[in-house]
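First up is the structure itself, then whatever we jot down about it.
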Amino acid sequence: MGYTSKLVAAIGLLAQAHFRLSRNFGALHMYTQSLDQSPVNTNESVSGAAVDIHQDAHKQAAFDRIIDADGKIEAQDWMPVAYRKTLVRQISQHAHSEIVGMLPEGNWISRAPSLKRKSILMAKVQDEAGHGLYLYSAAETLGTSRDDMLDALHTGRAKYSSIFNYPTLSWADVGMVGWLVDGAAIMNQVPLCRCTYGPYARAMIRVCKEESFHQRQGYDALLAMMQGSQAQRDMVQESLNRWWWPVLMMFGPPDSDSPNSAQGMRWGIKRISNDDLRQKFIDATVAQAETLGVQLPDPDLKWNETRQHYDFGPINWAEFHDVLAGKGPCNVERLATRVKAHQDGQWVREAATAYAAKQASRQQRLAA
Ligand code: BYC
């Protein structure tokens, strides 16, 4: 096993331990309480029995009032089955993106060009594990176990962000991920801080603060390269040419082709549409690219005075759908690495569980 693969495996193990430990102390933690709630509260039909339609209509009306008033739904509140399902889908996919997102950058920890860059990158990759932790915890409040969510990821039933199926071929790619991928993530995630589901909204506040730092460190790394040699500047431009279009795809399909958008907006889960976020991102990035001294690889990119936005060229949606169908450049490798890290982490999970049980029985003895 090479040094890099060892590091990647170690990152996987760290993440596993982190997740498992937080679960084991879950009895003390509000995020796992809803796993214990009664099925009636999950809004599933009671098997065989007639559902109390009147009561459900009453609960639905109370839920609608909170949504209409732009309030917050909390884990113990009644919610429609479809609202719960949509949240589990989105939050778990988001969590998966965070932990799969550790892989392209983790791949460069051993090759960072200085101690300072290495330390920054290690801290950033650890932050991503933390984001996964908050998000899995938020999804657990909806009554879905982390094991189920991870199983869905590992068996290919759940998606993660398309962007992490692209390779990081040069050091400039690490800066590019920070500047553009984290930049796009912030653009998408800031509105999620106002999402109607309380635990998700609160998790996103801290995630966004950390993502802002990530974006700045990426931009800073690229600025340093742009002030270096011609070979370094060329490396940055070459990297930008590969990442620009896949980053624009991160915001999801066009609104006209986005099956989940209308309902997501109605429920206040999504606040700004895929296309509007993509446009905001492009508008904000053009000036940053100019300061950096790079050329965004789009000949159609130009300011439209009437729209007060930048026009941009066509996005290759066939490529996006290929990546979602598992045919991106790194889909197979990413999933295999993730599954292996999970398997290699089995002993860590067992050790953490045994340790937590020991601590709990010690506390019981002391309390007796
Ligand atoms: N990649 O109806 P739509 C990060 C799927 S992590 C893959 O518009 P929705 C970071 C979509 O799931 C970044 N799949 O869906 C981490 C749906 O399929 P299903 C992750 C995508 O949910 C480490 C179908 O296409 N951020 O930033 O209304 C290091 C139709 O789409 C993608 C989040 O997860 C995609 N790009 O909107 C650095 C944010 N786009 O599920 C950085 C939270 C769409 O029906 N998620 N699909 O089978 C969201 O905001 C929304 O879920 C999306 C999609 C905007 C992504």
Side-chain angles (χ1 to χ4, degrees), residues 11 15 82 85-107 121 124-132 134-135 138-139 152-153 156-166 168 173-195 197 200-201 203-204 207-208 210-215 217-218 243 245-267 269-278 281 315 317 319-326 328 331 334:
I11 289 163
K85 210 172 148 195
T86 295
L87 282 167
V88 169
R89 176 185 65 81
Q90 179 166 327
I91 303 173
S92 66
Q93 288 183 5
H94 194 165
H96 301 330
S97 304
E98 298 288 352
I99 62 166
V100 176
M102 295 165 76
L103 301 175
E105 291 180 286
N107 189 31
L121 188 55
K124 179 185 189 298
V125 172
Q126 277 187 324
D127 280 356
E128 308 301 357
H131 297 174
Y134 319 146
L135 289 163
L153 170 66
R157 283 182 288 120
K159 293 186 171 75
Y160 57 87
S161 182
S162 50
I163 197 68
F164 301 118
N165 291 306
Y166 291 85
T168 40
D173 286 0
V174 174
M176 208 55 73
V177 168
W179 175 36
L180 295 181
V181 175
D182 286 280
I186 296 167
M187 193 59 87
N188 165 275
Q189 287 167 191
V190 166
L192 291 174
C193 300
R194 293 187 292 114
C195 145
Y197 188 57
Y200 191 26
M204 291 320 299
V207 171
C208 284
E210 292 177 354
E211 298 290 23
S212 301
F213 168 76
H214 295 169
Q215 197 242 1
Q217 68 79 35
W243 286 90
W245 294 104
V247 163
L248 297 187
M249 296 172 198
M250 279 178 74
F251 295 96
D255 295 347
S256 54
D257 193 23
S258 164
N260 303 306
S261 271
Q263 187 59 71
M265 303 277 275
R266 163 75 188 92
W267 278 326
I269 296 172
K270 267 176 130 156
R271 296 288 181 167
I272 307 181
S273 82
N274 297 0
D275 284 334
D276 288 350
L277 281 173
R278 193 171 4 255
F281 174 76
I315 295 174
W317 291 112
E319 176 181 322
F320 172 76
H321 289 296
D322 273 355
V323 173
L324 260 56
N331 292 62
R334 294 283 185 251

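All ligand and atom numbering here is 1-based and tracks the order in the structure.
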**OP:** Look at ligand 1 and say whether G264 reaches it with a heavy atom at a distance under 4.0 Å.
**Re:**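 Under 4.0 Å: no for G264.
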Original post:
For Q189, is the nearest heavy atom under 4.0 Å from an atom of ligand 1?
Top reply: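 Yes, Q189 has heavy atoms under 4.0 Å from ligand 1.
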In Å, rounded to the nearest 0.5 Å, how long is the span from [atom1] of [X] to [atom2] of [Y]?
X	Y	atom1	atom2	result
R271	C195	CZ	SG	7.5 Å
Y160	R334	OH	CZ	7.5 Å
N165	L324	CG	CG	8.5 Å
D182	Q217	CG	CD	7.5 Å
Y197	L192	OH	CG	14.5 Å
W179	M176	CH2	CE	6.0 Å

Original post:
For D255, what residues pass the side chain to side chain contact (heavy atoms under 4.5 Å, CB included) criterion, not counting sequence neighbours?
Top reply: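 In terms of side chain to side chain contact (heavy atoms under 4.5 Å, CB included), with neighbours along the sequence ignored, D255 is linked to S273, N274, D275.
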Original post:
Between the side chain of R278 and the main-chain N/O of L248, is any donor-acceptor distance below 3.5 Å?
Top reply: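 Yes.
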Select one of side chain, backbone, both or neither to describe which atoms of [X] lie under 4.0 Å from any atom of ligand 1, heavy atoms only.
X	result
M102	neither
N274	side chain
H94	both
I163	neither
V323	neither

Shortest heavy-atom approach to [atom] - which of [options]:
atom	options	result
atom 28 (O) of ligand 1	K124, H96, K270	K270
atom 35 (C) of ligand 1	S162, S258, G178	S162
atom 2 (O) of ligand 1	I269, V207, D257, N260	N260

Original post:
How about P104 and V177: do any of their side-chain heavy atoms sit closer than 4.5 Å?
Top reply: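 Side-chain contact under 4.5 Å: no.
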Original post:
Does the side chain of C193 reach to within under 4.5 Å of the side chain of C208, using non-hydrogen atoms?
Top reply: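 Side-chain contact under 4.5 Å: yes.
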Original post:
Can you list the steps and then say if T86 with Q263 is a side chain to side chain contact (heavy atoms under 4.5 Å, CB included)?
Top reply: CA-CA 9 Å; T86 295; Q263 187 59 71; 5.7 Å; no
Original post:
Heavy-atom distance from atom 20 (C) of ligand 1 to the protein below 4.0 Å?
Top reply: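 Within 4.0 Å of atom 20 (C) of ligand 1, protein heavy atoms are found.
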Which heavy atom of the protein is the closest neighbour of [atom], given with residue, atom name and distance?
atom	answer
atom 40 (N) of ligand 1	G252 CA, 3.2 Å
atom 27 (O) of ligand 1	A185 CB, 2.9 Å
atom 48 (O) of ligand 1	K159 NZ, 2.5 Å
atom 38 (C) of ligand 1	D182 OD1, 3.4 Å
atom 10 (C) of ligand 1	F164 CZ, 3.5 Å
atom 39 (C) of ligand 1	N188 OD1, 3.0 Å
atom 6 (S) of ligand 1	S97 CB, 3.5 Å
atom 32 (C) of ligand 1	F320 CZ, 3.7 Å

Could you list the atoms of ligand 1 found under 4.0 angstrom from a heavy atom of [X]?
X	answer
M249	36 (N)
P253	8 (O), 30 (C), 31 (O), 44 (C)
Y200	43 (C)
Y160	1 (N), 7 (C)
F251	55 (C)
Q93	12 (O), 41 (O)
M250	36 (N)

Sequence neighbours excluded and cut-off under 3.5 Å, please list the side-chain donor-acceptor pairs for residues 95-102, or say none.
residue: H96; atom: ND1; partner: S92; partner atom: O; Å: 3.4
residue: H96; atom: ND1; partner: Y136; partner atom: OH; Å: 2.6
residue: H96; atom: NE2; partner: M149; partner atom: O; Å: 3.3
residue: S97; atom: OG; partner: Q93; partner atom: O; Å: 2.8
residue: S97; atom: OG; partner: S161; partner atom: N; Å: 2.9
residue: E98; atom: OE1; partner: H131; partner atom: ND1; Å: 3.4
residue: E98; atom: OE2; partner: H94; partner atom: NE2; Å: 3.4

Subject >> Identified side-chain contact (heavy atoms from CB on, under 4.5 Å) counterpart of M250 within the set V181, N188, L277 >> reply: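 Among the candidates, only V181 passes.
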**OP:** Decide whether an N or O pair under 3.5 Å exists between R89 and ligand 1.
**Re:**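 Yes.
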**OP:** May I have the step-by-step check of side-chain hydrogen bond (donor to acceptor under 3.5 Å, both in side chains) for Y166 and D173, ending in yes or no?
**Re:** CA-CA 10 Å; Y166 291 85; D173 286 0; over 6 Å; no
**OP:** Report the C-alpha distance between Y200 and Q90 in whole Å, list the side-chain angles of each, state the deciding distance to 0.1 Å, and finish with yes or no for side chain to side chain contact (heavy atoms under 4.5 Å, CB included).
**Re:** CA-CA 10 Å; Y200 191 26; Q90 179 166 327; 3.5 Å; yes
**OP:** Could you walk me through whether F320 and I315 pass side chain to side chain contact (heavy atoms under 4.5 Å, CB included), step by step?
**Re:** CA-CA 9 Å; F320 172 76; I315 295 174; over 6 Å; no
